[in-house]
Amino acid sequence: MKRTFVRHAANLLAVVAASTASVGTSAVATPVFGARSFSGGNWGGYVSFGSFTTATASWTEPSVTCTSTDDVLAPWVGIDGDGSSTVEQTGVVTDCSSGSPVYQAWYEMYPAAPVYYSNAVGAGDKISATVTRTGTNTYQLTISDTTKGWSRTVIKSLNSRHSSAEAIIESPTDRYPGISGGMRFTGVRFNGTNLADTSPSGLDADDMGLYTWSPSAIASDGTDFTMTRH
């Protein structure tokens, strides 16, 4: 999901419908361009610019409150995307299109569509994710749910820029569910270096044009931060 700075109303294919998909099955988002647009980005978190070969992060999947069937939350870690036309990323999406939160792990080699895993994910699960550039245009994407006891790895190729690394929350619909206490990332490292030592830039995520999700200062351990709405 490439970083964009103008919001277009969009509807993701319901994760519920994709929940039977396994690796190799893409859930295709169908953009619906609306009359309204808001300033601000559709990503929030930290980005560091440079030719990074590894990006890794962990988080606990938050329990969310769906306030709309448009609500979507997708925390992820990846390489590229801010200022480039490619992204190599993996994470978990929480989709409220059914009226209740549905969690699903995924990876995406943008501009290709995301690919969803069939492994179970739920609120409170401990997630770890790593994207590694293993060759000039070859990537290994790994996501693990240590609570449920599963891990998935894929190796994919993409002609990419190698221009940045990120730990991000995203809502392609520009509407986030309620998240008590915010969304916390831990153990964020790029090229094995603590986030704080990679010259990171904070990004605010737009939320309906009414709210903003902003990253906290990086914790004293150099790796952890929390996204909160205000």
Side-chain angles (χ1 to χ4, degrees), residues 1 12-23 27 43-46 55-78 89-108 114-131 141-154 166-173 175-189 194-195 205 207 211 213-230:
M1 301 167 190
L12 290 179
L13 184 69
V15 173
V16 174
S19 63
T20 58
S22 59
V23 175
W43 292 10
Y46 277 101
T56 189
S58 298
W59 62 87
T60 299
E61 274 301 310
S63 177
V64 309
T65 301
C66 294
T67 60
S68 163
T69 54
D70 287 333
D71 290 355
V72 179
L73 167 68
W76 57 264
V77 66
Q89 56 191 149
T90 189
V92 175
V93 65
T94 303
D95 178 82
C96 290
S97 60
S98 67
S100 300
V102 176
Y103 298 81
Q104 196 159 25
W106 55 277
Y107 75 87
E108 186 175 37
V115 177
Y116 296 93
Y117 295 109
S118 59
N119 303 78
V121 185
D125 287 6
K126 307 293 185 182
I127 305 296
S128 295
T130 301
V131 176
L141 303 95
T142 298
I143 187 164
S144 303
D145 184 325
T146 57
T147 303
K148 294 288 196 297
W150 60 260
S151 182
R152 303 302 295 262
T153 297
V154 295
E166 302 90 15
I168 294 295
I169 67 167
E170 179 177 359
S171 177
T173 60
R175 293 184 66 103
Y176 286 85
I179 308 172
S180 178
M183 172 74 216
R184 186 165 182 81
F185 287 91
T186 62
V188 182
R189 295 181 177 87
N194 288 351
L195 173 65
D207 191 346
Y211 304 99
W213 287 86
S214 299
S216 68
I218 299 169
S220 59
D221 64 5
T223 71
D224 301 1
F225 67 93
T226 301
M227 298 295 299
T228 55
R229 191 173 82 165
H230 59 88

Inset, instruction - Spell out, as yes or no, whether a donor-acceptor pair under 3.5 Å connects the side chain of Ser216 to the backbone of Thr226. - result: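 Checking the backbone N and O of Thr226 against the side chain of Ser216, a donor-acceptor pair under 3.5 Å is found.
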Inset, instruction - For Asp207, check salt bridge (charged side-chain N to carboxylate O under 4.0 Å, His left out) against everything at least two apart and list the hits. - result: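 Checked Asp207 against salt bridge (charged side-chain N to carboxylate O under 4.0 Å, His left out); matches are Arg229.
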pair [X]-[Y]: side-chain heavy atoms closer than 4.5 Å:
{"X": "Pro75", "Y": "Glu61", "result": "yes"}
{"X": "Trp106", "Y": "Glu108", "result": "yes"}
{"X": "Thr147", "Y": "Thr60", "result": "no"}
{"X": "Ile179", "Y": "Leu73", "result": "yes"}

Who pairs with [X] by side-chain hydrogen bond (donor to acceptor under 3.5 Å, both in side chains), at least two apart in sequence or on another chain?
{"X": "Ser151", "result": "Ser144"}
{"X": "Thr69", "result": "none"}
{"X": "Ser171", "result": "Thr173"}

Inset, instruction - Only pairs at least two apart or in different chains count here, so list each salt bridge (Lys or Arg N to Asp or Glu O under 4.0 Å) that has a residue in residues 119-128. - result: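 Listed by first then second residue: Asp125-Lys148.
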Inset, instruction - Sequence neighbours left out, what passes ring pair (Phe, Tyr, Trp, His ring centres under 6.0 Å) with Tyr46? Give chain and number order. - result: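 By the ring pair (Phe, Tyr, Trp, His ring centres under 6.0 Å) rule, Tyr46 matches Phe225.
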Holding to side chain to side chain contact (heavy atoms under 4.5 Å, CB included), I want the full list of residues that pass it with [X], two or more places apart in sequence or in another chain.
{"X": "Ala205", "value": "Tyr176, Trp213"}
{"X": "Thr153", "value": "Gln140, Thr142"}
{"X": "Arg189", "value": "Thr56, Asn194, Thr223"}
{"X": "Ser63", "value": "Ala123"}

Legend entry - Nearest-0.5 Å distance that lies between atom CE in Met227 and atom CD1 in Ile169: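 That separation rounds to 4.0 Å.
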Inset, instruction - Quick one: sort the Tyr117 and Trp150 rings into parallel, tilted or perpendicular, breaks at 30° and 60°. - result: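 Tilted: the ring planes of Tyr117 and Trp150 meet at 30° to 60°.
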